[in-house]
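Please read the structure below before turning to the comments.
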Amino acid sequence: MQVVVDNREGADPRFVGDLRAALLDAGCKVEMRDPLPQSVLDTTVHFIVEGVAVRVPQETERDDLDVVVSAVRAALARRGEHQRFRAVPVYRGETNQVLTWVDVFD
């Protein structure tokens with residue numbers, strides 16, 4: 001299955017790499033979207049924005065979605081225990097429809 005790791009908002013590069021590796025290990029083909037220069041640094045408050053999303057094909061079956069969710073959860077679990085965790089949305093294609101939010105908990 002082809003998935004997109006959409007990092008246009010500028011998430012932690014190490015986490016994005018872990019996410020990509022976990023999805024590849026799960027058998028997914030992964031397209032990466034790099035951060036937009038203006039999204040990485042918000043100069044009004046000097047704050048790095050975190051926010052990565054995964055996009056799956058429009059007609060994704062439940063079993064395929066479960067594979068993606070497991071891979072995202074595995075990548076989240078690899079983060080250091082002192083790092084902030086943010087749930088990762090899984091979107092239907094290029095829409096704004098979130099199929100599920102994935103965090104480290106089942």
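Only heavy atoms go into these numbers, but all of them, side chains included; no hydrogens, no water, no symmetry mates. The first residue of the sequence shown is numbered 1, and numbering continues consecutively from there.
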Over all heavy atoms of both residues, which pair between [X] and [Y] is shortest? Give the atoms and the distance, please.
X: V16; Y: M32; value: CG1-CE, 3.3 Å
X: V3; Y: C28; value: CG2-CB, 4.0 Å
X: L19; Y: V5; value: CD2-CG1, 4.0 Å
X: D18; Y: R78; value: O-NH1, 3.3 Å
X: A71; Y: A26; value: CB-CB, 4.1 Å

[X] atom [atom1], over 12 foreign heavy atoms within 6.0 Å:
X: R55; atom1: CZ; answer: yes
X: Q2; atom1: CD; answer: yes
X: E31; atom1: CD; answer: yes

Inset, instruction - Kindly indicate, with the supporting measurements, whether the criterion side chain to side chain contact (heavy atoms under 4.5 Å, CB included) is fulfilled by D64 and V56. - result: CA-CA 9 Å; D64 291 332; V56 296; over 6 Å; no

Legend entry - No-hydrogen, no-angle side-chain donor-acceptor test under 3.5 Å, Q58 and R92: no

Inset, instruction - Examine V52 and V67 and state if one hydrophobic cluster contains both, with Ile, Leu, Val, Met, Phe, Trp and Tyr joined whenever side-chain heavy atoms are less than 4.5 Å apart. - result: no

Inset, instruction - Report whether L76 and W101 are members of the same hydrophobic cluster (ILVMFWY, side-chain heavy atoms less than 4.5 Å apart, transitive linking). - result: no

Legend entry - 4.5 Å side-chain heavy-atom contact, M1 and P57: yes

Inset, instruction - Report yes if some heavy atom in the side chain of V54 is under 4.5 Å from a heavy atom in the side chain of V72; otherwise report no. - result: yes

In Å and rounded to the nearest 0.5 Å, what is the [atom1] to [atom2] distance from [X] to [Y]?
X: T100; Y: D66; atom1: OG1; atom2: CG; value: 9.0 Å
X: L23; Y: K29; atom1: CG; atom2: NZ; value: 14.0 Å
X: Y91; Y: L99; atom1: OH; atom2: CG; value: 10.5 Å
X: N7; Y: F15; atom1: CG; atom2: CZ; value: 9.5 Å
X: L65; Y: S70; atom1: CG; atom2: OG; value: 9.5 Å

Inset, instruction - Would you check if the side chain of N96 reaches a backbone N or O of V98 as a donor-acceptor pair within less than 3.5 Å? - result: no

